[in-house]
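Keep in mind that the numbers below use all heavy atoms, side chains included, and drop hydrogens, waters and symmetry copies. Just so you know, ligand 1 is whichever comes first in the structure, and atom 1 is the first atom listed for that ligand. None of the values given here were measured: they were computed from a predicted structure.
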Amino acid sequence: MTSSPLHIAVVGGGIGGLAAALAMARSGHRVTVVERAARFGEIGAGLQLAPNASLALEELGVLDAVRRSAVAPPQLVMMDALTGKQITALDLRGDAYRSRFKHPYLVTHRTDLHGALLAAGEEHPSITLHTGRTVTDAVQTPAEVRLHFAETSERLAADAVVAADGLHSRLRQILVDDGAPVCSKYVAYRGALPVTSMTGSMAQHATTESVIVWAGPRMHLVQYPVRRGELYNQVAVFESDHYDPDSDDWGTEAELEERFAGSCDAVRDALPLVARDRRWPLFDRLPITDWVHGRIVLLGDAAHPMLQYLAQGACQALEDAVALGRALRDHDRPEDAFASYAALRTERAASIQTNARRFGEICHLDGMGAFLRNQLLADRTPEDFDDIAWVWTPAGDRRPAPTP
Ligand code: FAD
């Protein structure tokens, strides 16, 4: 660190906010995290962590803790949801993968990752964590930022603020004002169940430990084990024909059944075991470059909400956190640190946001489009990472992946 420590407030205690708190505290600063929920937590579903995320977790000092419960899948397999045939695969444990990426591809339960970050935050003497604090406003002077809360008239003064308050970020709304998030008209049903509840062909797939993506027309199903293989995570995603921005009555279970009705036996076998307790409409936003507003900076979904098709939203939030920690180690003034962080991160995050939309379109092709996709991918080998390597290799990585 270059000069005296700053006091930095983080708004939002999700994966992005907790990771940022850890990164900044490890760079020598004092951090206060304010989270609106009554308890810190995550939802009961899985998360894929590509090697760029594992590298970030290593830098944050929590990779070993995450690895203890995560699964390192041998393959990422794309299957045709209609025919049941394999389209393509990537080897995630072979020599080609290891020599190129160095860090593991992991799948984890969100609670396990969030819990590891929270435990590290609780142990760090420079981090203070508060729940039940909903930020309503952030008022800047040339010297500090004051956070206002819904629950109390007390203000929190800090030298700088990191807005990690997610997709519907209040601070982004105040600072950027680029309207509401964009609904893709797709919806997800997801959750992780004990692997022992899997039967038939599903039980067989679960034992492979691979990440399996069943791609079909305007729908897909993702499956993988989490928590040492004790739980099996499933995410069913489809486009609704009844999207209505003013109603919750679209993307219903009846539509889920209808959209997946023509799929192969393995997918239809899996569907009754997809969690139905909540539906998740899927949103993103168009990229922006103005992440920095004086002493306030955006991070994670608040900065770059993306569709989940490249499984990179949390991975990018972790990259943000590491980049921000480094910038605050190398610069005295928060404004300079934030400018350096944004210069490193905005273009890369924007590319991934944009390409996540494209990959969703490729995944959801129908008819001739799907036939051509399958033909084009048929000749790929499982060691060919050329199309995905840029996503899995962070900008500014000090140990860049060697080109084969
Ligand atoms: P959030 O997780 O939204 O956290 C924001 C926090 O801020 C919350 O705790 C919230 O309570 C708090 N908050 C909000 N407003 C306020 C306020 N005003 N005051 C105080 N606190 C506030 N990403 C991957 O990397 N891999 C995957 O496999 C993957 N799969 C996905 C599958 C689906 C179906 C979806 C929808 C997303 C997926 N993602 C994946 C994306 C990933 O979940 C998100 O990008 C990531 O969780 C964002 O973290 P965050 O901390 O930025 O935001």
So, regarding R190 and ligand 1 (criterion: nitrogen or oxygen to nitrogen or oxygen, under 3.5 Å), is there a contact or not?
no
Between A302 and ligand 1, find which residue part has any heavy-atom pair under 4.0 Å and reply side chain, backbone, both or neither.
neither
Nearest protein heavy atom with distance in Å, relative to atom 2 (O) of ligand 1
E42 OE2, 4.0 Å
Give me the residue, atom name and distance of the protein heavy atom closest to atom 22 (C) of ligand 1.
R36 CG, 3.7 Å
Side-chain touch V162/L324, heavy atoms, less than 4.5 angstrom:
yes
Quick one: look at T136 and ligand 1, take heavy-atom pairs under 4.0 Å, and tell me if it's side chain, backbone, both or neither.
neither
Look at atom 5 (C) of ligand 1 and find which of A164, A150, G12, G17 reaches it with the closest heavy atom.
A164
What do you reckon, are the aromatic ring centroids of H304 and W291 less than 6.0 Å apart?
yes
Quick test: of every protein heavy atom, which one is nearest to atom 3 (O) of ligand 1, and how far off is it to 0.1 Å?
G166 CA, 3.6 Å
So that I can tick it off, tell me whether R172 and D177 are bridged by a salt bridge, with the cut-off set at under 4.0 angstrom between side-chain N and carboxylate O.
no
Sub-4.0 Å atoms of ligand 1 with respect to non-hydrogen atoms of V34:
20 (C), 21 (N)
Closer than 4.0 angstrom, basic N to acidic O: yes or no for D241 and K185?
no
Would you say ligand 1 has an N or O under 3.5 Å from any N or O of R170?
no
Flag if over 12 foreign heavy atoms under 6.0 Å of CD, E151
yes
So which bit of R133 gets within less than 4.0 Å of ligand 1, heavy atoms only: side chain, backbone, both or neither?
backbone
What atoms of ligand 1 come within less than 4.0 Å of a heavy atom belonging to G313?
23 (N), 24 (C), 25 (O), 41 (C), 45 (O)
Which option wins on minimum heavy-atom distance to atom 51 (O) of ligand 1: G300, G16, G13?
G16
For the 3.5 Å polar cut-off, considering only N or O atoms, please tell me whether A317 and ligand 1 meet it.
no
State the atoms of ligand 1, each with its element, that fall below the 4.0 Å cut-off from a heavy-atom position in T134.
18 (N), 19 (N)
Can you name the atoms of ligand 1, numbered from 1 with element, that are less than 4.0 Å from a heavy atom of I15?
51 (O)
Whether Y97 and F385 hold their rings parallel, tilted or perpendicular, with breakpoints at 30° and 60°
perpendicular
May I ask you to check if ligand 1 and A314 share an N or O to N or O distance below 3.5 Å?
yes
Looking only at protein heavy atoms, which one is nearest to atom 45 (O) of ligand 1, and how far off is it?
D301 OD1, 2.7 Å
Nitrogen or oxygen of E35 less than 3.5 angstrom from that of ligand 1
yes
Closest approach of any protein heavy atom to atom 17 (C) of ligand 1, naming residue and atom:
V135 N, 3.7 Å
Pair R93 + E209, salt bridge at N-O below 4.0 Å
yes
Parallel, tilted or perpendicular: which one describes the rings of H168 and F283, with boundaries at 30° and 60°?
perpendicular
When you check the gap from the basic side-chain N to the acidic O, do D386 and R100 get nearer than 4.0 Å?
yes
Can a salt bridge be assigned to the pair R276 and E257 using a cut-off of 4.0 Å between side-chain N and carboxylate O?
yes
Are any of the side-chain nitrogens in R26 or E59 under 4.0 Å away from the carboxylate oxygens of its partner?
no
Within a reach of under 6.0 Å around CD of E347, are more than 12 heavy atoms found that belong to other residues, nucleotides or ligands?
no
Is there any N or O on L282 that sits under 3.5 Å from an N or O of ligand 1?
no
Check Q48 against ligand 1 and report side chain, backbone, both or neither, counting heavy atoms closer than 4.0 Å.
both
Please state which part of V11 comes within less than 4.0 Å of ligand 1, counting heavy atoms only: side chain, backbone, both or neither.
side chain
Which residue holds the protein heavy atom closest to atom 4 (O) of ligand 1, what is that atom called, and what is the gap in Å?
G14 CA, 3.7 Å
Carboxylate-amine/guanidinium proximity below 4.0 Å for D95 and R98
yes
Could you check whether E144 pairs with R295 (Lys NZ or Arg NE/NH1/NH2 to Asp/Glu carboxylate O, under 4.0 Å)?
no
Are Y186 and H364 near enough that their ring centres are under 6.0 Å apart?
yes
Option set L47, V10, V222, criterion heavy-atom distance to atom 40 (C) of ligand 1, minimum:
L47
Is the closest heavy atom of R110 to ligand 1 under 4.0 Å?
yes
